[in-house]
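Step one of this worksheet: look at the structure below.
All of these numbers come straight from a predicted model, not from anything done at the bench. Hydrogens, waters and symmetry mates are skipped; everything else that's a heavy atom, side chains included, is used.
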Amino acid sequence: MEDERHSFLSGNKTEANNFSEFGVELKSFTNCLKWVCVDQSNIWKAFLSWSIFLLLAVGCPLVSHFVFLCSTCDTNHQRPYDAVVQLSLSVFAAISFISLSSWSRKYGVNRFLFLDKLPYESDKVRRGYAVQLRTSMKLLCIFVLPCFAFECAYRIWWYATGTSEIPYFFNIYASDIIVCTLQLCSWLYRISIYILACVLYQLICYLHLLKMEDFAQYFQKETDVGSILREHLRIRRNLRIISHRFRAFILLSLLLVTASQFISLIMTMRSSARNNIFEAGELALCSISLVTGLFICLRSATKITHRGQAITSLAARWHVCATINSFDELDGETPRAPDSSAQVFPVTANWESDEEEDGDDDLDNTRIMPIYAHTISFQKRQALVAYLENNRAGITVFGFMLDRAWLHTIFGIELALLLWLLNKTIVNWT
């Protein structure tokens with residue numbers, strides 16, 4: 001039980017040795033986690049973590065809305081949608097912070113990122129996961145920094161051009177600089193902690209995509225059904241763990257992003273609403289950031305599910321090729337002695353599509369299927385295929401499988417809402 005309560009940033013020497021052994025660099029992750037202050041390894045760090053969260057995710061937005069709303073300013077400096085923006089960002093920051101804090105109390109970074117399972121994986125999986133882990137912080141910057149740059153430009157313009165109308169304390173220049181800096185830090189903190197949770201989810205899903213690709217190689221070499229079944233059971237168990245850990249986070253993100261989009265649309269469609277880039281640009285920026293985080297999670301989940309379905313298809317083709325190969329041998333006039341060497345059943349050109357293959361279908365584009373017809377009986381292969389068809393691996397949210405059908409539906413709804421909102425805000429410049 002003690003191991004389960006290690007902080008995300010625990011300095012356990014055994015974990016450090018494991019990380020260096022597999023070439024996994026966690027420095028960027030630990031720095032980022034320290035920056036968002038989810039290190040709660042002791043009471044003082046927990047107090048600091050919650051204090052910064054309350055300051056940047058609760059205190060600053062409240063002061064920004066009720067003190068610096070500037071309802072008496074000119075039309076370009078009024079912020080009629082500030083309540084929706086501040087509430088949306090703070091709610092998602094709270095969901096992400098509570099989730100990260102909960103994971104921090106229950107798991108260490110070793111268990112949470114499945115690093116403790118890497119010694120049992122192939123070199124290909126370890127190298128691929130190490131590369132993805134090192135590039136995850138780059139992805140975080142790619143998603144966050146462009147929106148933050150626009151937010152900085154908007155805030156600087158707002159304070160620079162509305163100096164005489166914006167409320168201030170004591171010295172006008174010092175007040176504007178301090179308040180603007182706090183507002184930018186609050187915005188960056190709230191967006192970063194939400195996107196960080198999404199990137200962590202993407203990272204964990206990527207590891208299991210690598211495992212599934214490695215698992216597909218079982219059908220390309222001589223093996224037994226027991227080994228295939230054990231590996232599939234291990235993958236399904238890990239996917240259930242991921243689904244259980246992230247199900248509340250994904251469901252809340254989906255519901256709240258949709259609710260935020262609907263509320264924003266209702267407000268922009270009022271007859272008295274003034275929609276231009278100055279008043280509603282921040283609302284559009286907030287919506288883009290939240291929808292981006294949601295699709296990071298949904299796309300990662302659906303790729304896992306699709307890869308699981310591809311494994312079932314691969315197993316069925318493996319069984320068919322082995323069966324055809326066995327009957328071809330029996331059709332010969334002279335019976336041949338069993339040969340333990342690999343039999344090859346080539347896939348003809350008619351089976352292949354002339355269209356370009358999707359990058360997610362890597363498991364389905366095998367041109368030659370090695371068959372070991374004499375090492376696995378028909379009954380065992382049939383039982384294995386039946387098992388895979390009825391126990392497909394994938395990501396679930398409270399029992400619902402996140403496949404491409406769900407993704408297309410959600411993507412259509414969210415994209416329609418987002419484009420409608422952008423049409424009401426960014427398109428109208430005057």
- line: Sorted by chain and number, sequence neighbours left out, side-chain hydrogen bond (donor to acceptor under 3.5 Å, both in side chains) with S88 holds for S260
task: Please name all residues satisfying side-chain hydrogen bond (donor to acceptor under 3.5 Å, both in side chains) with E282, sequence neighbours left out, ordered by chain then number.
output: R155
Applying salt bridge (Lys or Arg N to Asp or Glu O under 4.0 Å), which residue pairs with at least one partner in [range] are found, sequence neighbours left out?
range            : answer
residues 247-263 : none
residues 289-298 : none
residues 178-204 : none

task: Could you list the residues that satisfy salt bridge (charged side-chain N to carboxylate O under 4.0 Å, His left out) with D403, not counting sequence neighbours?
output: none
message: Could you work out, with salt bridge (charged side-chain N to carboxylate O under 4.0 Å, His left out) as the rule, every residue matching E231, not counting sequence neighbours?
response: R234
message: Applying ring pair (Phe, Tyr, Trp, His ring centres under 6.0 Å), can you list everything that pairs with Y387, at least two apart in sequence or on another chain?
response: H232
field: Sequence-distant partners of F143, ring pair (Phe, Tyr, Trp, His ring centres under 6.0 Å), two or more places apart
entry: none
- request: Just say parallel, tilted or perpendicular for the rings of W50 and F97, cut-offs at 30° and 60°.
  value: perpendicular
task: Any pair with a residue in residues 193-210 that passes side-chain hydrogen bond (donor to acceptor under 3.5 Å, both in side chains), sequence neighbours left out, goes on the list, sorted by first then second residue, please.
output: none
Residue pairs fulfilling side-chain hydrogen bond (donor to acceptor under 3.5 Å, both in side chains) with at least one residue in residues 410-419, sequence neighbours excluded: T258-E414
Looking at [X] and [Y], would you say the former's side chain and the latter's main chain have a donor-acceptor pair under 3.5 Å?
X    : Y    : result
S136 : Q132 : yes
S90  : L87  : no
N390 : A386 : yes
S96  : F92  : yes
T305 : L402 : yes
R126 : E121 : yes

message: Taking side chain to side chain contact (heavy atoms under 4.5 Å, CB included) as the criterion, tell me which of I52, V58, L54 meets it with L56.
response: I52
query: Do you know which two heavy atoms are closest between L89 and C286, and how far apart they sit?
result: CD2-SG, 3.8 Å
- prompt: Closest approach of L283 and S264, non-hydrogen atoms and distance?
  reply: CD1-OG, 3.3 Å
Sequence-distant partners of L418, side chain to side chain contact (heavy atoms under 4.5 Å, CB included), two or more places apart: Q261, S287, I288, V291, L422
- prompt: Under the side chain to side chain contact (heavy atoms under 4.5 Å, CB included) criterion, do S99 and F246 qualify, and how do the steps go?
  reply: CA-CA 9 Å; S99 298; F246 285 90; over 6 Å; no
field: Stacked cation flag R245 on F114, 6.0 angstrom / 45 deg
entry: yes
- request: For T312 and E389, test the side chains for any donor-to-acceptor distance below 3.5 angstrom and give the result as yes or no.
  value: no
